[in-house]
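First up is the structure itself, then whatever we jot down about it.
The shown structure was predicted, so the numbers you read here are calculated from the model rather than taken from an experiment.
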Amino acid sequence: MTQFGAPRNPVNWVSHITAAVVSQPARDPAVVERTNLLNMAKLSIKGLIESALSYGRTLDTDYPPLQQFFVVMEHCLKHGLKVRKSFLSFNRTIWGPLEMVEKICPEAEEVAASVRDLPGLRTPLGRARAWLRLSMMQKKLADYLRCLIMRRDILSDFYESHAVMMEEEGTVIVGLLVGLNVIDANLCVKGEDLDSQVGVIDFSIYLKSEEDDHTREGRNVHITAILDQKNYVEELNRQLNGTVSSLHVRIDTLEKSNAKLIEEEADSDLVPVRVQREIEFAVNLLEKDIHDKQDTLIGLKEQLKEVKAINYEIYQKKQNLEEVGKERDVKEIQDGKSSQSAAAMKPQVPRDKDILTKPRKLEISYMNESAVESAPQYKLIKDISF
């Protein structure tokens with residue numbers, strides 16, 4: 001494999017190499033550069049797709065056509081890039097416009113965050129190279145660059161008006177990148193020295209011969225068969241995925257139904273036990289209530305006996321008091337009668353003769369007296385007057 005040296009301006013070098021192939025009248029150098037870069041992008045993308053399909057497996061970092069593709073993309077992105085003055089030097093880097101993609105396309109935020117988190121990247125160019133490789137692995141490189149190329153207002157801050165990204169050639173290149181979605185790439189970005197790599201285009205892999213043409217035709221047939229098989233496998237895979245998804249849904253439904261049936265069966269088995277427990281609990285409550293009421297009834301009976309004894313004692317005391325009162329009243333009546341009789345008899349002693357000789361008048365009256373008892377007592381009073 002032969003390689004050309006790396007001149008100071010690779011774009012001018014490409015234009016000089018392809019000047020002999022492209023025989024056209026003198027044109028604007030910027031137009032020539034864009035045309036040459038477009039042709040190189042076509043060759044690079046086409047060669048990468050053909051070689052990758054014939055390679056028949058996932059591409060890695062050391063695959064030469066893939067390395068050349070990234071070199072060509074780097075030259076296309078650098079074309080017409082404005083020079084930005086910094087504090088120490090002039091800065092021309094493609095990381096500026098690529099970093100703006102995440103603000104235009106939210107899906108690119110993950111790629112940009114991964115690039116910033118990669119250790120060992122010291123330069124903006126290294127981060128831009130990592131961004132291109134990660135986007136390639138995601139099969140989103142064409143989508144991200146399409147979002148960027150549609151925002152000319154943002155690109156104008158980074159590119160001159162004659163740049164590839166500002167003209168029609170940039171749109172064509174982005175359209176060609178869609179074909180790379182059929183390629184599976186597994187690139188090791190972490191630990192790779194992306195800051196100091198020198199981008200050199202190797203034209204030897206793009207040179208053709210008659211033998212190569214015959215070989216390429218046979219390879220194209222083989223590639224077509226492989227693509228057909230790949231499409232068939234992908235379609236079969238989609239159908240199988242749909243079948244698997246429907247089976248998962250049915251399995252979930254059956255599992256839920258089974259769990260529900262098991263729960264209902266468990267509940268049906270627990271119903272007699274639960275009813276028996278509730279009956280036993282109710283019987284225990286009733287027995288406890290009966291015992292409590294019996295204890296209360298016994299206490300009330302004892303209190304009733306005590307009340308009856310107290311009432312009988314009070315009744316006996318009342319009877320005794322009534323008998324004592326009656327005896328006292330009778331005694332008082334008798335004492336009163338005796339005293340009156342004695343008082344009435346005393347004046348008769350000295351005047352018996354006069355009484356016998358004078359006319360007599362007897363008056364008997366009753367005087368109402370209150371006694372101890374409630375019934376009225378009457379006292380016989382004899383009034384003897386002469």
Side-chain angles (χ1 to χ4, degrees), residues 34 37-53 55 57-81 93-118 121 124-152 154-155 158-159 163-190 192 194 197 199 201 227 230 234:
R34 291 197 303 270
L37 287 173
L38 176 59
N39 293 329
M40 288 304 304
K42 289 180 179 180
L43 290 174
S44 175
I45 294 172
K46 182 180 179 181
L48 178 60
I49 294 174
E50 292 178 353
S51 60
L53 294 177
Y55 191 60
R57 59 185 180 185
T58 303
L59 305 183
D60 55 11
T61 306
D62 298 330
Y63 191 61
L66 184 61
Q67 294 177 350
Q68 289 299 306
F69 165 74
F70 287 123
V71 172
V72 173
M73 285 303 302
E74 186 176 332
H75 283 298
C76 292
L77 292 172
K78 283 182 178 179
H79 182 259
L81 195 66
T93 175
I94 60 176
W95 175 238
L98 295 181
E99 191 177 14
M100 297 298 295
V101 175
E102 63 176 328
K103 297 181 179 179
I104 305 171
C105 182
E107 296 179 0
E109 293 179 356
E110 183 179 357
V111 176
S114 300
V115 170
R116 295 188 187 97
D117 294 337
L118 284 175
L121 295 179
L125 181 59
R127 288 190 285 271
R129 289 169 174 171
W131 188 93
L132 289 173
R133 285 158 174 78
L134 292 176
S135 301
M136 177 73 177
M137 284 192 291
Q138 281 189 344
K139 299 183 179 181
K140 292 287 187 178
L141 181 59
D143 297 334
Y144 295 158
L145 292 181
R146 183 185 298 109
C147 294
L148 179 63
I149 207 168
M150 292 176 63
R151 295 296 301 272
R152 298 297 177 90
I154 295 177
L155 288 176
F158 300 95
Y159 290 100
V164 171
M165 297 296 290
M166 299 291 290
E167 295 293 340
E168 184 180 356
E169 290 81 359
T171 305
V172 176
I173 292 173
V174 171
L176 294 173
L177 293 176
V178 178
L180 298 178
N181 293 337
V182 300
I183 298 176
D184 297 326
N186 185 12
L187 307 178
C188 182
V189 180
K190 185 177 180 180
E192 187 177 359
L194 298 176
Q197 289 183 1
I201 299 177
L227 288 176
K230 182 175 181 293
E234 289 179 350

Please assess Trp95 against Leu125 for the test side-chain contact (heavy atoms from CB on, under 4.5 Å), listing each intermediate value before the final yes or no.
CA-CA 6 Å; Trp95 175 238; Leu125 181 59; over 6 Å; no
With rounding to the nearest 0.5 Å, note down the distance linking CD1 in Ile49 to CZ in Phe69.
9.0 Å
Nearest 0.5 Å, please: how far is SG in Cys76 from CG in Leu37?
4.5 Å
Could you walk me through whether Asn186 and Asp60 pass the side-chain contact (heavy atoms from CB on, under 4.5 Å) check?
CA-CA 5 Å; Asn186 185 12; Asp60 55 11; 5.7 Å; no
Is the closest side-chain heavy-atom distance between Ile104 and Met150 below 4.5 Å?
no
Any sub-3.5 Å donor-acceptor pair from Arg127's side-chain atoms to Val115's backbone N or O?
no
Could you check if a side-chain atom of Ile154 sits within less than 4.5 angstrom of a side-chain atom of Tyr159, using non-hydrogen atoms only?
no
Would you say that Met136 contacts Phe70 through its side chain, given a criterion of any heavy-atom pair below 4.5 Å between the two side chains?
yes
Has the side chain of Arg133 got a donor or acceptor atom that lies under 3.5 Å from a matching backbone atom of Arg129?
yes
The reported gap from CG in Leu66 to CD in Gln68 (rounded to nearest 0.5 angstrom) is 10.0 Å
Ion pair Arg116/Glu99, N-O distance below 4.0 Å:
yes
Measure the spacing between CD of Glu102 and CG of Leu148 and express it to the nearest 0.5 Å.
12.0 Å
Considering non-hydrogen atoms only, spot the tightest contact between Leu59 and Leu187 and give its length.
O-CD2, 4.3 Å
Work out which heavy atom in Ile149 is nearest to a heavy atom in Thr171; give both atom names and the distance.
CD1-N, 3.4 Å
Run the numbers on Val164 and Lys78 for side-chain contact (heavy atoms from CB on, under 4.5 Å), then give the verdict.
CA-CA 9 Å; Val164 171; Lys78 283 182 178 179; over 6 Å; no
Non-hydrogen atoms of Leu98 and Ala128 that approach each other most closely:
CD1-CB, 3.9 Å
Criterion side-chain contact (heavy atoms from CB on, under 4.5 Å) on Val182 and Lys139, from CA distance to verdict:
CA-CA 8 Å; Val182 300; Lys139 299 183 179 181; over 6 Å; no
Counting N and O atoms only, with roles assigned by atom type, does the side chain of Asp117 sit under 3.5 Å from a partner on the main chain of Ser114, one being a donor and the other an acceptor?
no
On a heavy-atom basis, the closest approach of Leu145 and Leu177 is CD1-CD1, 3.5 Å
In terms of side-chain heavy atoms, does Gln138 have a donor or acceptor partner in Tyr144 at a distance below 3.5 Å?
yes
Could you tell me which non-hydrogen atom of Ala163 sits nearest to which non-hydrogen atom of His79, and how far apart they are?
CB-O, 3.2 Å
Taking all atoms of both residues into account, what is the closest heavy-atom pair of Thr61 and Gln67, and its distance?
O-NE2, 3.1 Å
Reported CD-to-CG distance for the pair Glu167 and Leu38, which is rounded to 0.5 angstrom:
12.0 Å
d(Leu134 CG, Leu118 CG) to nearest 0.5 Å is 6.5 Å
Test side-chain contact (heavy atoms from CB on, under 4.5 Å) applied to Leu77 and Ile94, Ile173, Thr93, the passing residue
Ile94
I'd like to know if Glu110 and Lys140 make a salt bridge, using a cut-off of under 4.0 Å between side-chain N and carboxylate O.
no
So, the side chain of Ser51 versus the backbone of Gly47: is there a donor-acceptor pair under 3.5 Å, distance only?
yes
